[in-house]
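To start, the structure itself, in structure tokens.
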Amino acid sequence: MFSLKLHDSHRRETVPFIPEDPAHIRLYFCGPTVYDRVHLGNLRSMLSADIMVRLLHALYERVTYVRNITDIDDKIIQRATENGEDITHLTERTTKDFHQDLTALNILPPTIEPRATHHIPDMLAMIERLITQGHAYEADGHVLFDVTSFPSYGALSGRSLEDMQAGARVEVADYKRHPGDFVLWKPSNATEPGWDSPYGRGRPGWHIECSAMAERYLGESFDIHGGGNDLLFPHHENERAQSLCCHPHSHFARHWLHTGMLLSGGEKMSKSLGNFHTIHEVLERAPAEALRLLFLGAHYRSTLDFTWEKLEEARHIMDRFYRALEKTPATKDDSRPVDVLNALCDDLNTPQALSILHRYADAALEGQQEAANQLLAGGQLLGLFTMSPTEWFQGGTELDPATIDALIEKRLAARKVRDFALADQIRNDLAAQGILLEDGPNGTTWRKG
RNA sequence: GGUCUGGUGGCAGAAUGGCUAUGCAUCGGACUGCAAAUCCGCGUAUGUGGGUUCGAUUCCCGCCCAGACCUCCA
């Protein structure tokens with residue numbers, strides 16, 4: 001009934017999704033390196049994955065979703081040193097923050113969330129195999145992957161080794177046979193974290209962890225591998241090379257999904273540029289669902305420019321949706337949000353899904369029950385509507401609702417005697433405290449401003 | 001320099017070889033004591049120059065512009 005189409009970065013076209021095993025869908029997304037609070041850009045890829053996973057759950061019986069935590073990395077070591085903080089303490093603290101932020105955004109937890117440091121033996125086994133099969137070599141305490149040993153190196157990201165050499169802007173370590181060779185294992189000094197290995201005490205390179213953990217939990221071949229567009233090269237290219245060289249007869253990932261970058265005020269949001277907003281910071285200014293809606297308003301592969309104006313706009317749209325659900329509360333209903341599912345099946349076309357939601361909202365505001373049910377079901381498929389309209393409009397106010405009600409009564413009395421000056425003053429005073437009054441046919445109601 | 005993606009109304013943002021979503025904003029109206037919310041009405045927008053075609057925003061080529069990746073990055 002539903003046929004899912006996805007854009008595959010490798011083939012560079014939108015293709016029918018054909019699972020390895022329809023009885024068990026398996027996907028892997030690259031999670032965060034835990035050295036700081038995640039920012040909005042990180043969130044966008046997690047959210048794209050979340051929509052993907054929610055859709056797959058709606059279409060298939062069984063879905064295994066793996067999203068790793070990278071808890072060993074030079075940036076972590078560096079940050080821990082700067083903070084004078086124990087590395088484990090830093091990674092655990094940051095992981096906790098990460099979970100908190102994702103929970104706030106109603107992003108479902110993965111089925112399995114493996115940590116790199118718990119899989120060192122898996123990585124070492126892979127490295128050993130790569131060396132044995134002639135795809136890796138030891139040099140100067142490092143183990144390096146030999147990119148020339150893998151004929152289709154560059155195929156994923158669409159570049160050739162020649163192109164890369166032509167565009168090389170970095171000094172190449174002299175122990176590398178080819179400038180494109182990348183580290184599988186590197187030596188650690190006495191103060192750096194390290195594990196014993198046949199190559200001496202050291203730690204893994206960046207890419208091998210994902211290859212090892214994907215294999216452990218999903219097998220040699222699985223369905224979808226995703227992450228931010230900036231991971232396409234070198235990270236995913238290298239992962240693919242390692243895994244395919246380890247298991248020459250596997251497919252590794254059948255579909256590659258890459259999320260477009262998030263800009264902030266027209267510029268790329270990144271930790272190194274320092275122009276990023278943390279989720280924590282944004283949630284102090286708008287509800288989480290407004291932020292989610294903002295992201296859903298653009299297709300996952302396109303670049304999205306975050307601005308505070310858009311956040312405010314998204315919030316108004318959520319107001320309208322909740323107003324529709326307030327007017328016509330959804331009833332228990334087993335019907336599936338077919339239109340929204342169809343939109344998502346078209347390479348996760350969330351903007352189109354949202355336009356469908358608008359149609360249902362219009363109808364729900366007119367009182368159509370079925371439309372309200374569809375609005376709720378469709379929105380929940382997108383991870384929206386986690387609360388009741390009452391909670392949305394009135395939840396978490398500073399003022400006590402009883403106080404507000406008392407003031408509304410007082411204003412009503414003033415209006416009855418046509419003392420509009422007093423009535424308006426009460427309304428304005430409340431507005432100054434973030435409470436908006438609305439006089440409807442059934443009396444006066446209030447909501448957060 | 002190399003590779004790639006994209007340029008749609010004031011803004012955001014889908015889709016499509018011919019009838020061009022949706023939202024926000026603006027403006028006008030209804031409603032309201034005034035507002036708010038809601039409702040009604042109002043906008044032919046597809047960077048540029050060619051080509052293919054009966055017909056292109058959609059396909060092809062050139063150009064211009066923007067962004068990403070090539071280096072840690074979701």
Side-chain angles (χ1 to χ4, degrees), chain A residues 9 12 29-33 35-36 38-49 67 70 73-75 78 154 157-160 162-171 179-180 206 226-235 237 258-263 266-273 276 293-294 296-305 307 309-310 312-317 319-321 323-324 326-327 343 346 349-359 361-362 365-366 393 414-416 418-421 423-424 427-428 431 436-441 444-447 449:
Chain A
S9 322
R12 273 168 265 279
F29 275 79
C30 291
T33 302
Y35 68 102
D36 201 350
V38 293
H39 60 73
L40 290 180
N42 296 294
L43 182 71
R44 171 133 100 133
S45 10
M46 303 299 153
L47 186 59
S48 302
R67 186 187 64 211
T70 299
D73 175 274
D74 286 359
K75 288 192 296 294
Q78 191 189 334
S157 57
R159 57 194 87 203
S160 67
E162 295 76 58
D163 291 342
M164 283 181 263
Q165 273 182 294
R169 303 199 314 233
V170 198
E171 261 186 68
W206 176 29
N229 196 232
D230 51 356
L231 293 184
L232 184 56
F233 188 89
H235 187 235
E237 188 72 60
H258 288 98
T259 308
M261 291 293 104
L262 184 79
L263 304 181
E267 272 197 292
K268 185 184 173 186
M269 190 180 280
S270 78
K271 289 176 181 176
S272 51
L273 284 178
F276 65 91
L293 189 82
L294 187 160
L296 261 25
H299 186 86
Y300 76 92
R301 280 190 286 115
S302 66
T303 306
L304 173 64
D305 190 12
T307 61
E309 291 72 30
K310 279 184 196 165
E312 194 52 34
E313 185 181 319
R315 184 194 178 144
H316 285 144
I317 295 169
D319 278 344
R320 187 177 159 84
F321 285 158
R323 210 163 259 129
E326 190 176 47
K327 177 82 189 294
D346 182 14
N349 194 337
T350 52
Q352 186 143 78
L354 252 30
S355 80
I356 291 163
L357 252 37
H358 278 110
R359 279 214 300 278
D362 288 342
L365 280 163
E366 281 175 18
F393 288 118
R415 290 177 69 206
K416 265 192 180 144
R418 302 191 69 79
D419 183 354
F420 295 123
D424 288 351
R427 187 169 63 192
N428 291 339
L436 302 182
L437 298 188
E438 297 179 346
D439 299 326
T444 299
T445 57
W446 64 272
R447 65 182 169 98

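The structure displayed is predicted, hence computed values, not measured ones.
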How far does the C1' atom of B:U52 sit from the matching atom of B:G62, given to the nearest Å? 15 Å
Quick one: label A:Arg301 by what it contacts on the DNA or RNA (base, sugar-phosphate, nothing), any heavy atom closer than 4.0 Å. nothing
Mind checking A:Leu365 for me? I need base, sugar-phosphate or nothing, with any heavy atom below 4.0 Å counting as a touch. sugar-phosphate
Name the closest nucleotide to the A:Arg12 side chain, picking from B:A35, B:C24, B:C4. B:C4
So which nucleotide from B:U22, B:A74, B:A37 ends up closest to the side chain of A:His358? B:U22
Per-nucleotide protein contact string for nucleotides 25-30 of chain B (B base, S sugar-phosphate only, - none; heavy atom under 4.0 Å): ------
With rounding to the closest Å, how many angstrom separate the P atoms on B:U26 and B:C61? 43 Å
A:Arg447 (side chain) and B:A36 (base): donor-acceptor pair under 3.5 Å: no
Which part of the nucleic acid, if any, lies within reach of A:Leu232 when heavy atoms closer than 4.0 Å are counted: base, sugar-phosphate only, or nothing? nothing
Sugar-phosphate, base or nothing in reach of A:Asn229, heavy atoms under 4.0 Å: sugar-phosphate
For A:Gly226, which contact category applies under a 4.0 Å heavy-atom criterion: base, sugar-phosphate, or nothing? nothing
All N/O pairs under 3.5 Å across the protein-nucleotides 10-15 of chain B interface:
| unit_1 | atom_1 | unit_2 | atom_2 | d |
| --- | --- | --- | --- | --- |
| B:A14 | OP1 | A:His299 | N | 2.9 |
| B:A14 | O3' | A:Asn349 | ND2 | 3.1 |
| B:A15 | OP1 | A:Asn349 | ND2 | 3.3 |

Tell me what A:Leu437 touches on the nucleic acid: a base, only sugar-phosphate, or nothing, going by heavy atoms under 4.0 Å. base
Could you check which of B:G2, B:G23, B:C4 has an atom nearest any side-chain atom of A:Asp362? B:G23
If only side-chain N and O atoms of A:Arg415 are considered, is one of them under 4.0 Å from the OP1 or OP2 phosphate oxygen of B:U32? no
Provide the distance between the two P atoms, one in B:G50 and one in B:A74, to the nearest whole Å. 46 Å
Just by distance, no angles: are the side chains of A:His316 and A:Asp319 close enough, under 3.5 Å, to form a donor-acceptor pair? no
